[in-house]
4 protein chains.
Amino acid sequence: MMSEQSLDALYEQTLSQQKDLSEVQKSVLKAALKLFSSQGFEATSTSQIAQEAGVASGSVYKQFKNKRALLAAVLAPLFKGTLQTAVEELADQTLSRQFVELDDFIYAIVEDRFYFIQNNFPAIKLMLNQILTNEDFRKEVISFFERQLEGFLLPVIEKFHVENKLKDVSYAELIELIFGTMIGYFGKVLFGLASPIKIEIEQSSQQLIRYLSVKN
Amino acid sequence: MMSEQSLDALYEQTLSQQKDLSEVQKSVLKAALKLFSSQGFEATSTSQIAQEAGVASGSVYKQFKNKRALLAAVLAPLFKGTLQTAVEELADQTLSRQFVELDDFIYAIVEDRFYFIQNNFPAIKLMLNQILTNEDFRKEVISFFERQLEGFLLPVIEKFHVENKLKDVSYAELIELIFGTMIGYFGKVLFGLASPIKIEIEQSSQQLIRYLSVKN
Amino acid sequence: MMSEQSLDALYEQTLSQQKDLSEVQKSVLKAALKLFSSQGFEATSTSQIAQEAGVASGSVYKQFKNKRALLAAVLAPLFKGTLQTAVEELADQTLSRQFVELDDFIYAIVEDRFYFIQNNFPAIKLMLNQILTNEDFRKEVISFFERQLEGFLLPVIEKFHVENKLKDVSYAELIELIFGTMIGYFGKVLFGLASPIKIEIEQSSQQLIRYLSVKN
Amino acid sequence: MMSEQSLDALYEQTLSQQKDLSEVQKSVLKAALKLFSSQGFEATSTSQIAQEAGVASGSVYKQFKNKRALLAAVLAPLFKGTLQTAVEELADQTLSRQFVELDDFIYAIVEDRFYFIQNNFPAIKLMLNQILTNEDFRKEVISFFERQLEGFLLPVIEKFHVENKLKDVSYAELIELIFGTMIGYFGKVLFGLASPIKIEIEQSSQQLIRYLSVKN
DNA sequence: TATGAATGAGGATTCATTCAT
DNA sequence: AATGAATGAATCCTCATTCAT
């Protein structure tokens with residue numbers, strides 16, 4: 001089961017909560033995400049965004065001070081609002097399910113994150129693009145991930161360690177494993193090398209389980 | 001030991017062999033790599049490149065028809081010349097060493113590729129940047145990797161399969177594992193999460209060995 | 001009497017009919033005609049045009065894709081619209097007047113064309129400039145002239161031949177005579193050697209009459 | 001600028017330069033004439049000329065101070081040398097032949113000038129191009145023609161007037177007739193409308209004779 | 001002397017941004 | 001509010017010209 005709402009859906013929520021964003025502005029954000037993601041930020045012109053959104057070029061500047069602010073508006077909710085929400089949802093959900101078995105927990109994480117990647121591919125691509133060319137943004141993303149993951153991963157790990165179900169891997173090692181798995185899946189999708197998602201989830205979670213579970 | 005020469009080194013070689021590239025043009029290429037990699041292609045102006053290279057703006061266009069051709073000149077040798085050479089060197093070397101043990105082979109690959117990533121980080125970052133916003137380039141990279149890896153991986157895998165040292169994993173699975181490992185390391189370096197390279201090599205190769213060796 | 005409206009006048013009409021051409025763009029066209037004509041196409045910079053038109057340099061490109069398109073916009077109506085209209089007007093007029101005498105017909109043509117040349121000197125100069133350095137343009141002009149002249153000259157010639165008022169000159173010979181007369185007048189204006197236009201018309205038409213009329 | 005120096009000054013310069021013009025420089029002049037004439041002055045680059053001439057780009061500047069001076073060098077001899085010589089030759093020849101008949105004189109002039117036009121078409125085209133876009137150059141050409149023609153035409157005209165063989169046309173009218181005939185022929189060649197030159201000479205001279213000779 | 005690499009001013013063109021309607 | 005014409009700074013690129021070799 002995909003626990004993850006698509007970013008677009010969560011986003012829609014976020015946007016409706018912002019009463020000062022008109023339908024027009026929402027369509028601008030949507031157009032900006034699409035074009036920034038596929039062409040890159042610099043290679044996308046504001047008039048192109050306006051055209052894609054079906055509005056006048058001047059209208060882009062009604063809510064967004066400039067092109068940079070539009071980029072921020074496209075990205076900021078991604079992990080200032082949406083991603084955070086998504087992670088919290090995951091945490092709540094995983095905890096609420098009271099995972100008894102490590103295997104189930106690992107599978108749940110992988111499933112959840114892979115669907116997240118699949119559903120939010122354009123936004124993630126755009127984020128990566130920015131990460132590659134913006135030092136400050138890169139740092140912000142890092143600190144965000146660290147804070148988010150730490151908050152919900154540590155208690156669960158502690159639990160499985162205590163129950164002697166998890167091999168003796170450090171927290172850092174664990175982060176790297178999860179991180180590497182996600183990046184690996186993203187890369188495979190990017191390069192068109194990915195199998196159907198269910199198979200990918202199966203393989204990746206099995207791989208992690210083999211590596212992490214004391215049963216192996 | 002690291003068999004990999006840094007791209008810069010191999011590049012330097014390639015450049016010296018190209019008698020039609022002046023010192024000025026070499027410095028232009030160097031400046032272009034640096035700036036394209038750190039800022040992105042679109043966000044880098046040719047005059048900025050000229051300034052970084054310490055030449056006049058017009059000189060950028062002496063050997064390179066236009067900005068795009070300069071990008072190609074920065075990237076093309078990366079995997080049309082250098083990377084190919086590097087891969088061949090690895091193949092020669094691994095075969096020549098007549099690896100008896102799978103563990104040694106895995107370790108050698110990981111070591112070799114991790115050093116390659118470390119030494120050529122800017123160029124790889126730039127390549128990734130292009131991959132994210134250029135469909136054709138993405139396809140070229142894919143086909144390149146496929147051709148290169150197939151050529152030197154298949155025989156070795158066959159050998160270890162025959163010797164019953166390698167678990168029953170498909171070629172595709174193997175590729176994904178290696179691919180994922182490399183992307184994972186690149187991502188960690190990108191995010192500043194990487195441990196010292198020797199430790200990373202140790203951990204990643206151990207992980208792969210545990211997953212691939214029949215001994216486990 | 002001058003039957004010919006000046007190209008500028010006819011042009012103005014054409015422009016007003018084009019609702020998508022703003023006042024700014026009309027002034028750009030006017031400035032372009034003036035400068036292209038006096039300095040040549042290549043020697044005129046777009047910023048010079050903008051300055052002459054009293055607009056920003058970027059505004060030149062609002063309606064005209066590029067400098068070449070601006071040249072086309074300046075020239076195309078000249079003989080794609082206006083000249084054609086002018087020729088048709090002449091044809092209508094000459095036929096409607098039901099010229100009884102060859103002398104009157106010749107005089108009417110010369111008068112009409114000379115006024116046309118006088119009133120559209122800059123545009124014709126520009127056209128000539130392009131003819132000298134653009135093979136394709138030259139061919140287009142030739143085919144245009146041939147089509148236009150044939151359509152309205154042949155019937156009239158036939159009439160006068162039948163009436164035995166016109167000497168036995170071929171159509172080609174006639175074209176050359178008219179052509180040569182017009183070129184001759186243009187050249188004299190260009191070199192500042194022309195007498196007042198009424199005298200020029202008188203002389204040139206008399207010359208043609210002497211050469212063509214059976215009465216001589 | 002061409003117009004800065006008088007044609008006379010240019011002529012002197014050119015002459016002295018042309019004595020020590022190497023084969024290389026002659027080929028540069030040839031290339032410049034060819035390219036300027038076919039593409040126009042502005043549209044022709046000096047490196048293109050160098051390539052056409054088979055020399056290094058810097059070599060173009062060895063004898064010619066700049067591109068403008070090269071244009072001058074290409075054009076100046078055209079009418080300070082060739083045309084002048086031609087006119088003088090014509091004068092000598094016509095006088096030496098002691099033309100008894102006006103018809104022969106007219107035929108000789110037409111024949112001479114038409115061949116001149118045919119043989120020097122590229123240079124004339126280039127000259128015309130300059131005339132169209134350079135006010136000063138235009139004026140100089142006019143005064144040159146006037147001076148040249150006056151010198152050798154007036155005596156002959158006087159002769160035929162005295163002999164009562166020439167109709168009562170003014171000198172100005174005569175100039176215009178000759179001028180118009182030449183321009184007409186040039187235009188016809190330019191537009192590809194010219195018949196074989198012998199026929200053109202025949203027709204044009206007959207036309208002039210009919211108009212000028214008292215016998216008609 | 002001849003070369004052609006290097007220069008940098010200048011030109012075409014784009015595009016983020018503003019503002020009058 | 002929405003529009004889109006107008007702006008002009010910035011960018012890519014060319015090319016006349018210079019100069020060290």
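In what follows, every chain begins at residue 1, and chains take the letters A, B, ... in the order their sequences are listed.
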Look for any protein N or O under 3.5 Å of an N or O in nucleotides 5-7 of chain E and output each such pair with its distance, or none.
from	atom 1	to	atom 2	distance (Å)
E:dA6	N7	B:Lys62	NZ	2.4
E:dT7	OP2	B:Ala56	N	2.9
E:dT7	OP2	B:Ser59	OG	2.7

May I have the distance from [X] (atom [atom1]) to [N] (atom [atom2]), rounded to whole angstrom?
X       : N      : atom1 : atom2 : answer
B:Gln48 : F:dT11 : CD    : P     : 8 Å
D:Leu70 : F:dT17 : CG    : P     : 10 Å
B:Tyr61 : F:dT14 : OH    : P     : 8 Å
A:Lys65 : E:dC19 : NZ    : P     : 14 Å
D:Glu42 : E:dG11 : CD    : P     : 10 Å
C:Gln51 : E:dG10 : CD    : P     : 14 Å

Quiz prompt | Main-chain N/O of B:Ser59 paired to B:Gln25 side chain as donor or acceptor, under 3.5 Å | solution = yes

Quiz item: Can any side-chain N or O of A:Lys30 pair as donor or acceptor with the backbone N or O of A:Ala53 at less than 3.5 Å?
Solution: no

Quiz item: What pair of heavy atoms forms the shortest contact from C:Ala50 to C:Val60, and how long is it?
Solution: CB-CG2, 3.8 Å

Quiz item: Where do A:Tyr61 and A:Asn66 come nearest, in terms of heavy atoms and distance?
Solution: CE2-CA, 3.7 Å

Report yes if some heavy atom in the side chain of [X] is under 4.5 Å from a heavy atom in the side chain of [Y]; otherwise report no.
X       : Y        : value
A:Leu29 : A:Leu70  : yes
B:Leu71 : B:Leu126 : yes
A:Phe36 : A:Ile49  : yes
C:Phe41 : D:Glu42  : no

Quiz item: Reckon B:Thr46 has a side-chain N or O less than 4.0 Å from the OP1 or OP2 of F:dC12?
Solution: yes

Quiz item: So what is the 5' to 3' dot-bracket string for DNA chain F, if pairs are Watson-Crick or G-U wobble with both distances under 3.5 Å, crossing pairs use [ ] and | means the partner sits on another strand?
Solution: .||||||||||||||||||||

Quiz item: Where the side chain of C:Asn66 is concerned, which of E:dT13, E:dT17, F:dC12 is the nearest nucleotide?
Solution: E:dT13

Self-check item: Nearest-nucleotide pick for C:Lys67, side chain only, options being F:dT17, E:dA12, F:dT11
Solution: E:dA12

Quiz item: Hey, does C:Ser45 reach any base, or is it just sugar-phosphate, or nothing, if we go heavy atoms under 4.0 Å?
Solution: sugar-phosphate

Self-check item: Test side chain to side chain donor-acceptor pair (under 3.5 Å) applied to C:Thr44 and C:Lys67, C:Glu52, C:Gln39, the passing residue
Solution: C:Gln39

